[in-house]
Each structure stands twice: as C-alpha cells, then as structure tokens.
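Reading through the structure tokens given below for one structure.
Everything numeric here is computed off the predicted structure, so don't read it as measured data. Residue numbers count from 1 along this sequence.
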Amino acid sequence: MPFFKFENLRLYYKALDFSDSILALASNHSGSSDAHFFNRFSDEALNIVMTIADGGAEGKNEFISQLQHTKSSIRRCVVFNTLAGKRMLVDPEQENDIRNELMELTKMVGALITSLMRQEPMQEENLDF
C-alpha cells in the first residue's frame, strides 16, 4: 500500500510516463535553438503530474479543482505538440503518439472527476484511474 494517496491512481503513473517522455524529448534538443521551447513543453508536462500529486493530498472538492487545472495543462501540451509538428521538431509519428497520449490523459482525468463527483466520501482505495 503506497504511503501517498495519489500513488494509487493509474492516472498518476500515466502522467508520470508522459512527463518522462517529454523530458527525454527535451533533452534531445538541449543546446539547440529550440531548447527553450522544449523546456516550456516539459515544464507543462511536469505540471500535469505535479497537479495530480498535489490534488491527491487534498479533499474531494480541492482534488476536483486540481484535476480541472490538470486539463488546462493537457491543453497547453496539445498546443506545444502541434507547434512542434508544424516546426518539424518532431516527426509526424511522434506528434500523433503524443497527441494520443494527451487524449488518453484527458479521458482519464474526466473519468476521475466524474467518479469523484458521484462519490459521497472519497474512497482512495477504490480509485482506479
């Protein structure tokens, strides 16, 4: 049993994997003229997982609010990804893969918000998103 509640969420691990992949992409561009762009992209990707972790330590209403902020970070990552594709900083397959991951994260966040809104007391051990 994890010590931190957010570690019970599949969403947390999915967001962690996504952030890690964007950090790896950013490290491939360190030292290039596009480094600042990828640093901002990776900051936004990290914000997704950090917001989930922070919200998981709060009460239900605060967690829902944090998850809504997470959706904003996801949308900003969509913009970064689209720009990276337009500027040919990622190949079309990478752009599509990143977009699919962001769509999956959005669906998972939405499902968790819906689940939390239906629950009376927060039941951490039953959260499987």
Side-chain angles (χ1 to χ4, degrees):
M1 178 95 175
F3 180 77
F4 299 101
K5 291 188 287 186
F6 64 86
E7 291 181 308
N8 287 324
L9 299 171
R10 283 187 303 136
L11 171 61
Y12 166 72
Y13 292 101
K14 180 73 177 167
L16 195 63
D17 289 344
F18 175 74
S19 295
D20 187 52
S21 68
I22 299 303
L23 285 168
L25 185 61
S27 71
N28 291 338
H29 291 274
S30 65
S32 76
S33 60
D34 300 308
H36 180 69
F37 173 84
F38 279 102
N39 286 338
R40 294 206 45 213
F41 192 176
S42 60
D43 286 346
E44 208 57 60
L46 280 169
N47 195 43
I48 294 169
V49 73
M50 295 299 188
T51 306
I52 293 165
D54 288 344
E58 303 292 335
K60 182 172 84 167
N61 291 334
E62 294 84 7
F63 192 21
I64 291 170
S65 177
Q66 290 286 63
L67 289 170
Q68 290 166 340
H69 289 294
T70 299
K71 287 178 119 182
S72 294
S73 292
I74 292 170
R75 287 188 296 270
R76 286 190 286 272
C77 284
V78 169
V79 172
F80 278 114
N81 184 50
T82 303
L83 285 171
K86 283 182 160 292
R87 297 183 71 205
M88 296 182 189
L89 302 173
V90 295
D91 63 51
E93 185 177 338
Q94 282 178 302
E95 181 183 5
N96 191 50
D97 290 346
I98 292 169
R99 183 175 182 78
N100 287 336
E101 287 182 61
L102 290 165
M103 288 188 316
E104 186 175 350
L105 283 168
T106 298
K107 290 174 186 177
M108 292 176 80
V109 170
L112 182 54
I113 290 170
T114 300
S115 175
L116 289 169
M117 292 175 82
R118 287 186 194 152
Q119 293 178 357
E120 285 299 317
M122 192 162 154
Q123 302 167 354
E124 296 87 8
E125 56 276 350
N126 292 333
L127 297 178
D128 191 29
F129 295 94

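- By the rule that hydrophobic residues join a cluster once side-chain heavy atoms approach within less than 4.5 Å of another member, V109 and M117 end up as members of one cluster.
- Judged by distance alone, with hydrogens and angles left aside, the side-chain atoms of D20 form no donor-acceptor pair with the main-chain N or O of L16 at under 3.5 Å.
- In this structure, the separation between CD on E58 and NZ on K5 is 8.5 Å, given to the nearest 0.5 Å.
- Taking hydrophobic clusters as Ile, Leu, Val, Met, Phe, Trp and Tyr residues chained together by side-chain heavy-atom distances below 4.5 Å, M103 does not share a cluster with I48.
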*After noting the C-alpha distance and the side-chain angles of N47 and H69, does the key distance pass the side chain to side chain contact (heavy atoms under 4.5 Å, CB included) rule?*
CA-CA 9 Å; N47 195 43; H69 289 294; over 6 Å; no
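- A donor-acceptor distance shorter than 3.5 angstrom exists from the side chain of Y13 to the backbone of E7, with no hydrogens or angles considered.
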*So V78 and I98, side chain to side chain contact (heavy atoms under 4.5 Å, CB included) or not? Walk me through it.*
CA-CA 8 Å; V78 169; I98 292 169; over 6 Å; no
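- Residues F63 and L67 have side chains in contact (heavy-atom distance under 4.5 Å, counting atoms from C-beta outward).
- Both L83 and I74 belong to a single network of hydrophobic side chains, linked directly or stepwise wherever heavy atoms of I, L, V, M, F, W or Y lie under 4.5 Å apart.
- In this structure, S115 contributes its side chain and L112 its backbone to no donor-acceptor pair below 3.5 Å.
- Side-chain contact check for K71 versus L105: every heavy-atom pair is 4.5 Å or farther apart.
- The side-chain heavy atoms of E104 and M108, taken from C-beta on, include a pair separated by under 4.5 Å.
- Residues Q66 and T51 have side chains that never bring a donor and an acceptor to within less than 3.5 angstrom of each other.
- More than 12 non-hydrogen atoms from other residues, nucleotides or ligands lie less than 6.0 angstrom from CZ of R76.
- Of the inter-residue distances, the one linking S30 atom OG with F38 atom CZ reads 11.0 Å to the nearest 0.5 angstrom.
- Within the model, atoms CG of L11 and CD1 of I52 stand 3.5 Å from one another, a figure rounded to the nearest 0.5 Å.
- Atom CG in L23 sits 11.0 Å away from atom CG in N28 (nearest 0.5 Å).
- For the side chain to side chain contact (heavy atoms under 4.5 Å, CB included) test with V49, the passing option among F6, F18, Y12 is Y12; the others fail.
- Two rings, from F37 and F80, have their centers less than 6.0 Å apart.
- A 4.5 Å side-chain heavy-atom check between M50 and S19 finds every atom pair outside the cut-off.
- For the atom pair SG (C77) and CZ (R40), the distance works out to 11.5 Å, reported to the nearest 0.5 Å.
- In this structure, CD1 on I22 lies 12.5 Å from CG on N39, to the nearest 0.5 angstrom.
- Put simply, the side chain of L25 reaches to within 4.5 Å of the side chain of Q94, judged on heavy atoms.
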